Protein chains: 2
Amino acid sequence: MLLAANILIVDDEQAIADLVEVYLENENYKVFKFYNGKDALNCIENEKLDLAILDVMLPDADGFSICQQIREKHNFPVIMLTAREEEIDKITGLTLGADDYVTKPFRPLELIARVKAQLRRFTKYNSSEPFQEEHLIAFSSLVLDLDTHECTLNEKKLSLTPTEFSILWVLCSNRGRVVGSEELFHEVWGDKYFTNNNNTVMVHIRHLREKMHDSADNPKYIKTVWGVGYKIDK
Amino acid sequence: MLLAANILIVDDEQAIADLVEVYLENENYKVFKFYNGKDALNCIENEKLDLAILDVMLPDADGFSICQQIREKHNFPVIMLTAREEEIDKITGLTLGADDYVTKPFRPLELIARVKAQLRRFTKYNSSEPFQEEHLIAFSSLVLDLDTHECTLNEKKLSLTPTEFSILWVLCSNRGRVVGSEELFHEVWGDKYFTNNNNTVMVHIRHLREKMHDSADNPKYIKTVWGVGYKIDK
DNA sequence: GTTTTTCCTTAATAACACCTTAAGATTTTC
DNA sequence: GAAAATCTTAAGGTGTTATTAAGGAAAAAC
């Protein structure tokens with residue numbers, strides 16, 4: 001049995017931290033979530049972590065000082081969440097020393113991809129036991145590869161747009177379970193928008209089904225659960 | 001199994017020292033890191049080192065005096081980290097005796113390249129067991145040599161500029177995976193800038209493709225993954 | 001130290017892929 | 001049959017990438 005990575009997320013914007021927690025748990029990671037630096041530091045001492053996601057600006061400490069303490073006593077990758085680019089001037093220098101940076105607002109899949117890249121880079125050079133990673137979702141003739149962003153159905157390559165890929169990824173990683181359209185929206189679009197634009201999701205589903213030679217009535221892959229959402233069977 | 005080299009890094013700017021540590025460890029080197037001269041000197045006496053990276057300006061000693069002590073009792077390469085070029089005049093002379101110099105801010109890849117070059121040069125003439133190095137990427141008619149910065153495609157030499165080489169190196173060492181343009185930017189330009197100047201990357205990609213007789217539509221080598229980044233297939 | 005050359009960046013524009021919107025059609029539920 | 005949810009279609013708008021060319025910076029040559 002392979003290990004699932006332990007990931008720390010620290011952000012005083014609770015909405016963001018909560019959201020990130022959902023994404024990560026969706027990918028089967030064990031998540032340690034905190035809204036301030038003090039609790040986070042405590043966690044760093046007592047838990048065996050594999051990666052940390054830190055907001056740069058915290059009420060009681062900045063992400064940089066936490067990053068330093070991680071570097072001193074431990075050795076695992078750190079990803080910094082930085083504010084949007086206009087505000088970056090104020091924190092120049094603070095982000096030094098992190099392994100990667102993600103600017104808010106971000107798309108969940110982007111963050112997931114970075115997390116996986118860092119974990120892989122780290123384990124590669126530390127030759128510890130590899131984590132349970134799913135860069136690849138494969139079942140019944142459908143293959144999704146997060147590394148190459150390629151999708152294969154019945155050995156034929158489908159060229160999906162980023163949003164389409166993202167939707168299919170979420171549905172697949174939750175296969176066997178109905179994903180509500182609102183949940184789906186947040187998983188794909190992140191905190192970028194707040195209006196759950198249902199129609200947009202539907203149009204993308206339509207495009208997906210078209211590319212998969214699927215149809216709304218009598219669907220083979222993406223099934224509509226009326227009044228609830230969409231699902232892909234196991 | 002080949003040996004991994006022991007490398008000393010000394011810099012009172014902890015952020016810099018930490019950063020260098022991360023990059024070196026990613027290359028499988030064993031790192032001894034210190035923020036002051038005193039601890040560093042202690043390390044030099046007690047550890048069997050293979051290379052030292054010294055900041056010129058330290059609170060309790062300058063890199064030069066440390067370098068002197070290394071030269072007196074030991075015999076391994078020394079790389080000096082010097083401040084930005086405007087300030088170099090003030091410390092001219094201090095850097096004498098080192099094997100190489102790197103000015104801050106520096107690109108991570110550049111430092112790694114210098115480290116490898118020095119280790120190579122040194123072991124060559126001391127013919128002990130060679131270090132484990134990866135200075136060459138070779139696959140399907142494309143060869144990249146980090147030491148000489150030479151690139152060969154189909155047995156024909158391409159004359160790449162430093163930036164072009166750097167970009168191609170990053171893409172190749174991540175081949176089979178999409179590298180986001182922001183990630184690419186940070187890998188190549190380092191933490192020097194925070195503005196992800198996407199356009200600059202694109203122009204270099206364009207030049208690269210031109211020299212490789214590649215095109216944006218129907219590309220053979222560098223492929224664009226829309227909304228995500230660039231990749232080179234495995 | 002000066003000129004020459006090479007290289008990097010910037011900016012402006014064009015071309016393209018993608019996303020969203022909206023409005024009407026269809027299906028499902030009650 | 002009415003209401004609500006979903007589906008379909010197409011067009012306009014947005015954002016991303018490609019392409020040039022030109023200015024300036026850095027490096028090399030003299």
Side-chain angles (χ1 to χ4, degrees), chain A residues 84-85 103 105-107 109-110 149 158-168 178-182 184-185 188-190 192-219 221-231, chain B residues 84-86 88 101 103 105-107 110 149 151 158-168 178-182 184-185 188-190 192-212 214-219 221-231:
Chain A
R84 45 185 58 80
E85 297 196 27
T103 52
F106 51 85
R107 293 201 168 195
L109 204 62
E110 187 195 345
H149 260 243
L158 304 183
S159 64
L160 304 181
T161 69
T163 307
E164 285 161 9
F165 184 91
S166 213
I167 287 175
L168 195 52
V178 184
V179 182
S181 68
E182 200 167 334
L184 187 56
F185 187 82
V188 174
W189 276 262
K192 218 166 176 176
Y193 308 101
F194 293 92
T195 52
N196 171 21
N197 197 338
N198 217 317
N199 189 23
T200 305
V201 175
M202 281 197 298
V203 172
H204 283 294
I205 293 278
R206 157 79 181 131
H207 290 154
L208 260 176
R209 290 213 254 234
E210 193 167 26
K211 287 181 181 176
M212 298 172 83
H213 304 287
D214 209 357
S215 64
D217 38 85
N218 192 29
Y221 305 104
I222 301 174
K223 298 183 178 173
T224 304
V225 181
W226 216 88
V228 189
Y230 298 95
K231 73 161 177 179
Chain B
R84 47 183 55 79
E85 299 196 29
E86 307 98 60
I88 274 192
Y101 314 90
T103 53
F106 52 85
R107 300 177 186 186
E110 187 194 344
H149 261 236
C151 172
L158 303 182
S159 64
L160 303 181
T161 68
T163 306
E164 284 161 10
F165 183 90
S166 214
I167 287 174
L168 194 53
V178 185
V179 182
S181 69
E182 202 170 332
L184 187 56
F185 187 82
V188 174
W189 275 262
K192 216 167 169 178
Y193 310 102
F194 289 89
T195 52
N196 172 21
N197 199 339
N198 219 316
N199 190 22
T200 306
V201 175
M202 281 196 299
V203 172
H204 284 293
I205 292 278
R206 156 85 178 125
H207 290 152
L208 260 176
R209 289 213 253 233
E210 194 166 26
K211 288 182 182 176
M212 298 172 85
D214 211 356
S215 64
D217 36 84
N218 192 29
Y221 305 103
I222 302 175
K223 298 184 179 172
T224 304
V225 181
W226 212 94
V228 188
Y230 297 96
K231 72 165 175 180

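Proteins come first, then strands; the chains are lettered A, B, ... in the order of their sequence lines, and each starts at number 1. Here the structure is a predicted model, which is why all the values come from computation and not from measurement.
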*Any idea which heavy atoms bring B/Cys151 and B/Leu168 closest together, and the distance?*
SG-CD2, 4.0 Å
*With sequence neighbours excluded, tell me which residues meet salt bridge (charged side-chain N to carboxylate O under 4.0 Å, His left out) with A/Arg206.*
A/Glu210
*Given atom NE2 of A/His207 and atom P of C/dT20, what is their separation to the nearest angstrom?*
11 Å
*Tell me: CZ of B/Phe165 to P of C/dC8, nearest whole Å?*
13 Å
*If you find the nucleotide of DNA chain D closest to B/Val225 and the one closest to A/Val225, which residue's nucleotide is nearer the 5' end?*
A/Val225
*Within the distance-only criterion (no hydrogens, no angle test), does the side chain of A/Ser215 pair as donor or acceptor with the backbone N or O of A/Asp217 below 3.5 angstrom?*
yes
*Please check the phosphate of D/dC7 (OP1 and OP2 only) for any side-chain N or O of A/Tyr230 closer than 4.0 Å.*
yes
Give every pair of a protein N or O atom and an N or O atom of nucleotides 22-30 of chain C that lie under 3.5 Å apart, one pair per line with the distance.
from	atom 1	to	atom 2	distance (Å)
C/dA22	N7	A/Asn199	ND2	2.9

*Measure from NE2 on B/His204 to C1' on D/dA18 and round the result to the nearest Å.*
15 Å
*Shortest non-hydrogen contact from A/Pro219 to A/Asp214?*
CA-OD1, 3.3 Å
*Distance check: side-chain N/O of B/Thr200 vs OP1/OP2 of C/dT9, anything under 4.0 Å?*
no
*Could you state the atom-to-atom distance from CZ of A/Arg209 to C1' of D/dT8 in whole Å?*
11 Å
*Atom CD of A/Glu210 and atom P of D/dT6: how far apart are they, to the nearest Å?*
20 Å
*Between atom CZ in B/Arg206 and atom P in C/dA12, what is the gap in whole Å?*
20 Å
*Nearest-nucleotide comparison on DNA chain C, the residue closer to the 5′ end among B/Ser159 and A/Leu160*: B/Ser159
*Might you point out which heavy atoms bring A/Arg209 and A/Ile222 nearest each other, and give the distance in Å?*
NH1-O, 2.6 Å
_Rounded to whole Å, how long is the line connecting atom CE of B/Met202 with atom C1' of C/dA12?_
12 Å
*So what does B/Thr224 touch, heavy atoms closer than 4.0 Å: a base, only the sugar-phosphate, or nothing?*
sugar-phosphate
*Return the minimal non-hydrogen interatomic distance between A/Leu208 and A/Glu164, and the atom names on each side.*
CD1-O, 3.7 Å
*Any idea which of C/dT20, D/dC7, D/dT19 is nearest the B/Ala216 side chain?*
D/dT19
*Closest nucleotide among C/dT20, C/dC8, D/dT6 to the B/Thr161 side chain*: C/dC8
*asked:* Between A/Phe185 and A/Asn198, does the side-chain contact (heavy atoms from CB on, under 4.5 Å) criterion hold? Intermediate values first, please.
replied: CA-CA 8 Å; A/Phe185 187 82; A/Asn198 217 317; over 6 Å; no
_Whole-Å distance separating the CD atom of A/Glu164 from the C1' atom of C/dC19_ = 10 Å
